[in-house]
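Remarks on the structure that follows.
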There are 2 protein chains.
Amino acid sequence: MDIQPQNHTRCTELSQDKEFMESLQICLIDNQKANHLAEIFKALSDPTRLRIISLLLDNEVCVHVLESVLGMSQSSISHQLRVMRQLRLVRYRKEGRHVYYALDDNHVRLLFAQGLLHVEHEE
Amino acid sequence: MDIQPQNHTRCTELSQDKEFMESLQICLIDNQKANHLAEIFKALSDPTRLRIISLLLDNEVCVHVLESVLGMSQSSISHQLRVMRQLRLVRYRKEGRHVYYALDDNHVRLLFAQGLLHVEHEE
DNA sequence: GAACTTCATGAATAGATGAACATATATAGG
DNA sequence: CCTATATATGTTCATCTATTCATGAAGTTC
């Protein structure tokens, strides 16, 4: 992807190029969508939550096991799970005293994978 | 994707299933990768930055135009651009008084698009 | 060189976020 | 009912973040 030089030299001119400005307005996502999207990415912006997701990629896992694999307190893991639950990144299934977590849908898996690609591409 | 019920009924038993625990340890991403990935997602976790990205998807745009399309102060936009610059989400090109910004690579575009899919899928 | 435009930066602040700890709920077993 | 286990929630406090304002640097025009 190469940068396409604009035919304009001054911003005052650019701003007067109504056609270009209007095309930008169409590209611009609306506030509601931006906020919602930001929430999703924010949920993915914590190392602990990402580590949890990596464990849930191929497995259904209960909280206690997450606690022992991650070596963190049950409380903090539960907090993180709630965040992801509320955004429907994960879902859970109760069985007796246990709650088994899994990724909610394939979008989460794809987002995670795409992120990993970006990170690995940078190194 | 269906949740696969485990053959275990108690966590104490599960934790003693060394094979399963070891397979989880293998799934778990390491701290460094988790931190790096979290940084990328954090950069995408702000509505203003997402709106900027949406404008840069197909265009190279200078700061002043971003200011006028977004209706925000030049300073706050410049601050946000710096965040994205430092994480190599965007790159810039100087031309006289103007600085033209563009997405740095296609990974950003893909991440954004994947996120949008997730959001739209939820509605 | 003086005035103006574009952009970046630093400091300050209100609001959001996160970690740690205690507590609450819910189920199972006796 | 009492205890133990598994999980969820609340609270407090320190830290982080986004925005605004003030300022400065660099380029342009006259």
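Below, chains carry the letters A, B, ... as their sequence lines are ordered, and counting in each starts from 1. Just so you know, these numbers use all the heavy atoms, side chains as well, and skip hydrogens, waters and symmetry mates.
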Rounding to a whole Å, what distance do you find between [X]:[atom1] and [N]:[atom2]?
X         : N       : atom1 : atom2 : answer
Leu44(B)  : dT17(D) : CG    : P     : 14 Å
Asn35(B)  : dG18(C) : CG    : C1'   : 15 Å
Ile77(B)  : dT5(C)  : CD1   : C1'   : 16 Å
Glu39(A)  : dT17(D) : CD    : P     : 18 Å
Arg93(B)  : dG27(D) : CZ    : C1'   : 16 Å
Tyr101(A) : dT7(D)  : OH    : C1'   : 8 Å
Ile52(A)  : dG18(C) : CD1   : P     : 13 Å
Lys42(B)  : dT17(D) : NZ    : C1'   : 10 Å

Problem set entry | Gln114(A): side-chain hydrogen bond (donor to acceptor under 3.5 Å, both in side chains) partners, not counting sequence neighbours |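 Per chain and number, Gln114(A) pairs via side-chain hydrogen bond (donor to acceptor under 3.5 Å, both in side chains) with no residue.
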For this session: Return no unless some side-chain N or O of His64(B) is found under 4.0 Å from OP1 or OP2 of dT6(C).
Result: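 Yes, His64(B) has a side-chain N/O under 4.0 Å of OP1/OP2 on dT6(C).
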Problem set entry | Nearest to side-chain heavy atoms of Val63(A), which nucleotide of dT9(D), dA8(C), dA8(D) |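 Taking heavy atoms from C-beta onward, the closest nucleotide is dA8(D).
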Exercise. Picking from dT19(D), dA8(D), dA8(C), which would you name as closest to the side chain of Arg85(B)?
Worked result: dA8(C)
For this session: Using distance alone, with no hydrogens and no angle criterion, decide if Arg85(A) and Tyr101(A) have a side-chain donor and acceptor under 3.5 Å apart.
Result: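 Result is yes, a qualifying pair exists.
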Exercise. Under 3.5 Å, is there a donor-acceptor pair linking the side chains of Ser75(A) and Ser78(A)?
Worked result: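 Ser78(A) and Ser75(A) do not have a side-chain donor-acceptor pair below 3.5 Å.
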Exercise. Within the side chain of Arg49(B), is there an N or O that forms a donor-acceptor pair under 3.5 Å with the backbone of Ala38(A)?
Worked result: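 No, the answer is negative, given that no donor and acceptor are paired below the 3.5 Å cut-off.
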For this session: Without swapping roles, check the side chain of Asn59(A) against the backbone of Val61(A) for a donor-acceptor pair under 3.5 Å.
Result: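 Checking the backbone N and O of Val61(A) against the side chain of Asn59(A), no donor-acceptor pair under 3.5 Å is found.
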Seminar exercise, completed: Per-nt protein contacts along nucleotides 19-30 of chain C (heavy atom under 4.0 Å; B base, S backbone sugar-phosphate only, - none) come out as SBBB----BS--
Exercise. DNA chain D: Leu81(A) or Arg49(B), which has the more 5' nearest nucleotide?
Worked result: Leu81(A)
Problem set entry | Nearest heavy-atom neighbours spanning Ile52(B) and Leu66(B) |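 Minimum heavy-atom contact is CG2-CD1, 4.2 Å.
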Exercise. Can you find a pair of side-chain heavy atoms, one from Met84(B) and one from Leu81(B), that are under 4.5 Å apart?
Worked result: yes
